[in-house]
Amino acid sequence: KKALPRLLNAAQIPLREVESLLHYKELIPRLEEALGKFSSRDSVEVIQPVRSTVPLQKHNGFLGLMPTYMENDGVLSTKLVCFYNRGAGSTLPSVSATVLLLDPESGHMKAVMDGEAITSMRTAGASEISAKLLMRPGAEVLAILGTGQQALSHYNAFTEMLSFKEVRVWNHRREGAEKFCRSVSGPVTVCGSVEEAVRGADVIVTVTRSTEPVLCGRWVKPGAHVAAVGACRPDWRELDDSLMKEAVVYADSREGAMAESGDVILSGVEVFAELGDVINGIKPAYREKTTVFKSLGMGVEDAVAANLVYEQWKAKAYKL
Ligand SMILES: NC(=O)C1=CN([C@@H]2O[C@H](COP(=O)(O)OP(=O)(O)OC[C@H]3O[C@@H](n4cnc5c(N)ncnc54)[C@H](O)[C@@H]3O)[C@@H](O)[C@H]2O)C=CC1
Ligand SMILES: O=C([O-])C1=[NH+]CCC1
């Protein structure tokens with residue numbers, strides 16, 4: 001019997017199925033473990049170079065290639081992600097991604113899966129871990145700046161895994177913030193300015209496509225935690241210099257932040273630690289100080305999320 005071409009043997013897992021298989025309660029502990037392994041810089045745990053990017057100038061975007069190998073876990077994957085800074089009229093998403101999971105021994109493809117939900121959920125999961133480690137105990141007020149895809153996943157992860165008494169949102173177009181409020185299940189206050197949204201907030205999530213600072217240090221309560229998720233290019237900003245200089249800055253990857261983060265590069269600040277260093281007990285979590293977690297996104301986060309999806313998919317397909 002003629003064998004099927006190898007590509008057709010690979011599981012194909014579309015967006016809705018990935019969404020139905022991925023849950024924060026299982027994903028976040030795996031992300032936490034992966035961040036610790038990444039920061040141990042042990043090549044049998046994780047090999048993950050800083051992503052390569054190719055500009056798509058005509059479309060105001062980039063293609064990012066994000067390979068990862070976890071030898072001890074037998075996980076080999078790469079994500080292909082295109083991200084765009086689209087104009088207001090566009091109906092296309094800002095992020096379009098595919099994750100390929102390979103068998104490390106043969107190099108054959110095990111699965112091809114949609115990377116949109118993986119990107120949204122693993123990013124929100126990493127930010128949730130940053131907040132859990134770095135926010136003040138008893139944090140009550142969460143502010144989210146931006147109301148797109150990442151805002152929604154961050155709202156879901158933060159309200160499911162942590163407890164806040166109040167959630168505020170701001171968007172540069174008010175109708176975007178109003179639409180966001182209608183799409184979520186809990187109460188959210190729409191704010192007319194960034195300052196109104198963040199004054200007194202304990203945790204602030206920045207998930208905009210801005211290329212200029214939207215969040216100023218003078219509005220941020222001392223001791224607040226900021227998860228800064230947008231501005232993933234060396235000349236893009238979301239946070240101003242005063243906030244960057246006031247805060248203790250943590251990152252997912254030190255090399256990633258120094259290569260890609262405009263907030264880090266242009267403010268000239270040092271990355272104090274990776275989240276994985278805190279998880280590994282190598283560096284302290286300064287909960288009482290103002291902290292920034294600069295997230296760029298890492299292949300190892302995609303690898304563990306995709307592996308989890310694949311495990312769940314197999315269990316469902318073969319009724320394990
Ligand atoms: N750190 C990471 O791992 C990841 C970071 N990202 C980044 O997160 C950000 C948000 O991504 P998505 O939610 O997928 O995008 P999105 O397009 O769904 O949402 C972007 C939000 O920013 C707002 N916005 C657009 N231009 C703005 C401006 N000039 N000033 C203020 N707000 C503006 C939009 O109205 C919208 O509310 C992007 O910068 C993206 O590159 C995305 C995926 C992973
Ligand atoms: O990690 C990721 O997938 C991305 N980071 C910035 C845009 C996409």
Side-chain angles (χ1 to χ4, degrees), residues 31 35 48 50-53 56 60-68 77-99 114-130 144-157 169-181 183 190 193-194 197 205-215 226-239 251-253 256-257 259-264 275 292-303 305-306:
L31 287 171
L35 290 167
Q48 185 232 262
V50 174
R51 87 184 123 223
S52 316
T53 53
L56 309 171
N60 209 8
F62 290 86
L63 163 67
L65 303 179
M66 305 177 69
T68 298
S77 74
T78 190
K79 185 168 80 173
L80 309 174
V81 57
C82 290
F83 56 102
Y84 301 89
N85 216 335
R86 299 194 188 280
S90 175
T91 51
L92 289 167
S94 306
V95 169
S96 170
T98 306
V99 184
D114 190 283
E116 191 184 309
I118 288 178
T119 302
S120 300
M121 292 181 70
R122 63 71 150 151
T123 308
S127 298
E128 191 274 345
I129 293 167
S130 83
I144 302 178
L145 308 181
T147 53
Q149 223 23 69
Q150 287 291 338
L152 189 59
S153 58
H154 279 72
Y155 174 88
N156 290 336
V169 294
W170 167 86
N171 195 42
H172 69 144
R173 297 181 200 287
R174 194 178 174 96
E175 61 276 18
E178 281 162 359
K179 192 168 159 212
F180 178 86
C181 289
S183 73
V190 174
S193 68
V194 174
V205 174
T206 62
V207 273
T208 73
R209 273 188 288 114
S210 184
T211 56
E212 306 290 335
V214 287
L215 180 61
V226 179
V229 173
C232 59
R233 298 300 304 149
D235 54 348
W236 292 1
R237 302 289 301 260
E238 270 191 319
L239 315 184
D252 40 13
S253 152
E260 291 191 326
S261 166
D263 286 325
V264 170
L275 274 194
V292 165
F293 165 53
K294 181 57 226 163
S295 162
L296 276 314
M298 299 205 293
V300 70
E301 299 165 348
D302 298 310

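Whatever order the structure lists them in is the order used to number ligands and atoms, beginning at 1.
In terms of N/O distances under 3.5 Å, ligand 1 is approached by His172. Taking any N or O of Gly297, backbone or side chain, at least one lies under 3.5 Å from an N or O belonging to ligand 1. The shortest N/O to N/O separation between Val214 and ligand 1 does not fall below 3.5 Å. For Val95, no nitrogen or oxygen atom sits less than 3.5 Å from a nitrogen or oxygen atom of ligand 2, counting backbone and side chain alike.
Under 4.0 Å from ligand 1, the heavy atoms of Leu296 that appear belong solely to its backbone. With a 4.0 Å cut-off on non-hydrogen atoms, Ser94 touches ligand 1 through its side chain and not its backbone. Both the backbone and the side chain of Gln149 come within 4.0 Å of ligand 1, counting heavy atoms alone. Heavy atoms from both the backbone and the side chain of Thr147 come within less than 4.0 Å of ligand 1. Residue contacts with ligand 2, taken as heavy atom pairs separated by less than 4.0 Å, involve Met66 solely via side-chain atoms from C-beta onward. Contacts of Ser295 with ligand 1, taken as heavy-atom pairs under 4.0 Å, involve both backbone and side chain. Contacts of Lys179 with ligand 1, taken as heavy-atom pairs under 4.0 Å, are absent altogether. Here Arg122 has side-chain heavy atoms under 4.0 Å from ligand 2, and that is the only part of it that gets that close.
Across the listed options Asn171, Val194, Thr206, Asn171 owns the non-hydrogen atom lying nearest to atom 36 (C) of ligand 1. Remark: among candidates Asn85, Thr208, Val229, the nearest residue to atom 9 (C) of ligand 1 is Thr208, based on non-hydrogen atoms.
For the ligand labelled ligand 2, residue Lys79 lies inside the 4.0 Å heavy-atom shell.
Summarising the geometry, atom CZ belonging to Arg51 is positioned 7.5 Å from atom NZ belonging to Lys79; distances are rounded to the nearest 0.5 Å. Once rounded to the nearest 0.5 Å, the distance linking NE2 of His172 with CZ of Arg209 reads 6.5 Å.
Distance check for atom 40 (C) of ligand 1: every protein heavy atom is found at 4.0 Å or beyond.
Taking the six-membered ring where tryptophan is involved, the planes of Trp236 and Phe62 are perpendicular, since the angle between them exceeds 60° and thus also 30°.
Considering only non-hydrogen protein atoms, atom 10 (C) of ligand 1 sits nearest to Val207 O, 3.5 Å. Of all protein heavy atoms, the one closest to atom 5 (N) of ligand 2 is Leu296 O, 3.0 Å. Remark: minimum distance from atom 4 (C) of ligand 2 to any protein heavy atom is reached at Arg51 NH1, 3.5 Å. Of the protein's non-hydrogen atoms, the one nearest atom 6 (C) of ligand 2 is Cys232 SG, 3.5 Å.
Distance alone, capped at 3.5 Å, is enough to place a donor-acceptor pair between the Glu238 side chain and the Gly230 backbone. Glu301 places no side-chain N or O within donor-acceptor distance of the main-chain N or O of Arg122, the cut-off being under 3.5 Å.
The contact set between ligand 2 and Thr119, taken as ligand atoms under 4.0 Å from a residue heavy atom, comprises 3 (O).
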